[in-house]
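Structure, as structure tokens:
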Amino acid sequence: MEAINYLNPTAQMILFSALKIGVVFGVVMTAVAYAVLVERKVSAWIQNRVGPNRTAPFFINYLPVIGPLLVRLGIFQPAADGLKFLLKEDFTPSYVRKVYFWLAPAITVIPALLTVAVIPFGSNLGSEKMVIADLNVGILYTFGIVSLGVYGIVLAGYGSNSKYPFLGSIRSTAQMISYEIAMGMSVIPIFILTESLNLSDIIRYQAENGWMILKQPLAFVIFLIASFAETNRLPFDLPESESELVGGYHTEYSSMKFALFFLGEYANMIASAAMMVTLFLGGWTLPFIDALNLPASSLLLGLIHIGVFFAKMAFFMIVFIWVRWMLPRFRYDQLMDLGWRRFIPLALANIVVTALVVALFNN
Amino acid sequence: MSTKVVDRAPLTFYERTYLPAILGGLKVTAKHFADTVFKGNSVTMQYPEERWVVPEGYRGAPYLVKDQDGATKCVSCQLCEFVCPPKAIRITPPGADGLTADRKNAEKMPKEFEINMLRCIFCGMCQEVCPEEAIFLQKDYSITGENRESMIFNKEKLLKLGGTHAGIQKWKNKLEEAQAQETFPVDAQ
Ligand code: SF4
Ligand code: SF4
């Protein structure tokens with residue numbers, strides 16, 4: 001450990017960043033795997049089914065009570081799923097446009113993972129801030145990167161060169177232009193209030209002045225609904241819509257390429273959940289308890305903060321999963337109507353009102 | 001033609017906010033969730049351990065049956081082989097001086113009797129046509145094998161799976177009738 005102190009600041013920064021990237025990547029991947037499991041289990045329960053309850057590794061026999069319980073909960077299912085994806089035949093149909101076909105899955109996953117970089121998922125451990133990149137334009141970066149994910153879907157549809165994926169990607173384009181603007185505008189009032197684009201600053205502001213969801217409920221609702229569209233979740237899963245378009249944009253994909261889309265979708269959900277927690281639910285802070293509201297002074301508190309953040313994120317993940325079974329899919333003209341004629345005016349009004357209030361009462 | 005115009009009440013403002021739909025969805029899903037998790041009301045059947053109760057008259061795999069004395073009922077008439085639409089049955093008859101039947105009232109029994117379960121369509125024609133009531137469609141529905149060869153069931157296997165069918169005892173009845181006739185008291189007044 002001593003050796004770290006002798007390194008120059010740049011080397012330290014690189015070392016710690018690499019460490020954080022490694023850990024966060026690992027955690028996000030695990031979270032994705034288990035989000036899939038939770039999705040399968042919760043979906044099963046809502047439909048009066050049981051869900052995955054069979055996967056049992058060989059050592060399970062040595063665990064008396066816990067073992068069978070874990071198997072029933074499907075704890076080992078993600079490992080089996082992952083292995084299955086790796087071992088499956090990777091089939092490329094003869095009629096696809098190869099370059100785009102191969103590029104598309106990567107373009108879907110990478111932005112989803114990149115957004116995680118600016119999320120402050122905890123206060124600090126020791127003197128290290130728990131955010132990979134404490135960007136001053138964090139939120140702009142997020143919006144910039146997130147929209148790139150849509151290109152993956154569009155390219156997948158174009159590259160597949162067949163009708164269902166094509167329809168899926170057309171819908172995806174229509175969907176993106178209808179929610180992205182509203183989503184972007186819905187967060188502007190937050191910056192008016194916090195006077196910063198840095199996500200860590202936004203959390204600090206919320207720790208001092210109360211959570212954003214209480215001050216900007218309308219912005220929260222718009223952002224929440226837009227993130228359903230963003231992550232292609234029901235009721236806005238138009239690009240995918242299994243029941244109409246077979247599998248939508250990923251109809252022609254198999255094996256690991258399909259797994260990448262899958263991963264992208266869930267990584268996107270995790271990123272959206274993290275954004276909502278950061279912007280509206282105070283990030284890693286909990287009000288009323290000072291130790292939890294201020295940056296951590298000890299290692300344990302630092303870990304608790306990370307735990308709080310993950311708990312809030314898990315809540316949003318459950319919301320994402322649950323809503324899937326609550327609402328039927330929107331038609332895509334309905335989605336566009338919703339985006340253009342309801343949310344954009346509402347978001348604009350919200351900006352104006354917030355600005356007026358700030359201008360009139362803050363001086 | 002008269003047209004009936006159905007009045008559609010315009011949605012109220014509350015309904016247009018979409019909130020009732022969301023609440024309704026929440027109620028339904030929460031109910032089912034609670035039902036499954038807390039009351040254990042799941043519709044899933046844990047397949048290999050729990051099995052579906054097969055109804056009477058179900059047409060499962062055709063097997064050869066034995067009679068009440070454990071003897072082979074089939075007399076190798078090959079009618080089933082002939083009638084089988086997908087040609088799933090293959091019978092090797094005993095030939096002129098081959099096996100004789102292991103029961104009374106029958107002249108022969110098949111040397112080999114094979115049903116290819118991959119070809120069989122479970123139509124029940126063989127059962128219908130058999131003059132000896134020797135083949136019956138039973139209740140097996142999960143017939144699996146590791147290769148094509150293992151899906152061809154031979155005589156031994158078919159007889160073992162088929163078991164004893166003591167329900168219809170055609171030849172026992174015939175025998176009794178014949179015997180009864182021989183000892184028929186001829187009363188000369
Ligand atoms: S059930 Fe039909 S298909 Fe199967 S062996 Fe009998 S006659 Fe052939
Ligand atoms: S099973 Fe019946 S129909 Fe088929 S050969 Fe035997 S006696 Fe004839």
Side-chain angles (χ1 to χ4, degrees), chain A residues 37-56 68-69 71-74 77 179 182 217-218 220-222 224-226 228-229 233-237 315 317-331 334-335 337-339 341-343 345-346, chain B residues 3 5-55 58 60-61 117-118 139-151:
Chain A
L37 175 71
V38 171
E39 164 116 51
R40 291 180 66 179
K41 272 296 191 189
V42 172
S43 306
W45 287 331
I46 288 177
Q47 297 175 336
N48 292 26
R49 293 184 288 115
V50 183
N53 65 345
R54 296 263 160 182
T55 327
L69 184 73
V71 170
R72 271 179 56 130
L73 286 176
Q77 187 69 31
Y179 69 78
L218 183 62
F220 173 70
V221 170
I222 296 175
L224 179 70
I225 295 172
F228 276 96
R233 297 286 303 178
L234 267 165
F236 305 123
D237 67 336
F315 168 75
M317 293 301 284
I318 299 280
V319 169
F320 273 126
I321 291 167
W322 198 290
V323 167
R324 177 169 177 190
W325 304 108
M326 268 166 54
L327 302 173
R329 182 178 307 127
F330 277 56
R331 248 186 4 238
Q334 287 171 330
L335 171 63
D337 181 80
L338 196 68
R341 287 189 28 219
R342 310 284 146 83
F343 286 159
L346 276 178
Chain B
T3 319
V5 180
V6 180
D7 275 336
R8 286 210 181 182
L11 296 179
T12 59
F13 177 75
Y14 175 55
E15 281 167 338
R16 280 195 293 141
T17 57
Y18 207 58
L19 284 176
I22 292 174
L23 292 178
L26 191 61
K27 215 171 94 187
V28 171
T29 45
K31 190 179 145 286
H32 282 276
F33 184 86
D35 250 23
T36 324
V37 176
F38 301 118
K39 293 194 208 148
N41 285 352
S42 100
V43 294
T44 308
M45 175 178 284
Q46 296 296 329
Y47 170 63
E49 294 95 29
E50 291 170 33
R51 298 231 176 191
W52 178 50
V53 181
V54 178
Y58 180 80
M117 291 298 172
L118 290 174
K139 291 183 177 173
D140 277 14
Y141 51 86
S142 68
I143 308 154
T144 52
E146 284 174 356
N147 49 38
R148 282 162 192 270
E149 284 69 49
S150 68
M151 294 301 283

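A note on names: the letters A, B, ... follow the listed sequences, proteins ahead of strands, and every chain is numbered from 1.
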Straight-line distance of B:Arg148 CZ to B:Met117 CE, nearest 0.5 Å | 16.0 Å

Applying a criterion of heavy atom separation less than 4.5 Å, what residues of residues 27-38 of chain B form contacts with chain A?
-> B:Thr29, B:Ala30, B:His32, B:Phe33, B:Thr36, B:Val37

For B:Tyr58, side-chain contact (heavy atoms from CB on, under 4.5 Å) partners two or more places apart = B:Trp52, B:Val54, B:Pro55, B:Tyr141

Working to the nearest 0.5 Å, report the span between OH of B:Tyr18 and CG of B:Leu11.
-> 11.5 Å

Listed partners of B:Glu49 passing salt bridge (Lys or Arg N to Asp or Glu O under 4.0 Å), at least two apart = A:Arg54

Gap separating the CZ atom of A:Arg233 from the CG atom of A:Leu327, nearest 0.5 angstrom | 12.0 Å

Can you sort out the partners of A:Gln47 under side-chain hydrogen bond (donor to acceptor under 3.5 Å, both in side chains), two or more places apart, ordered by chain and number?
-> A:Arg49

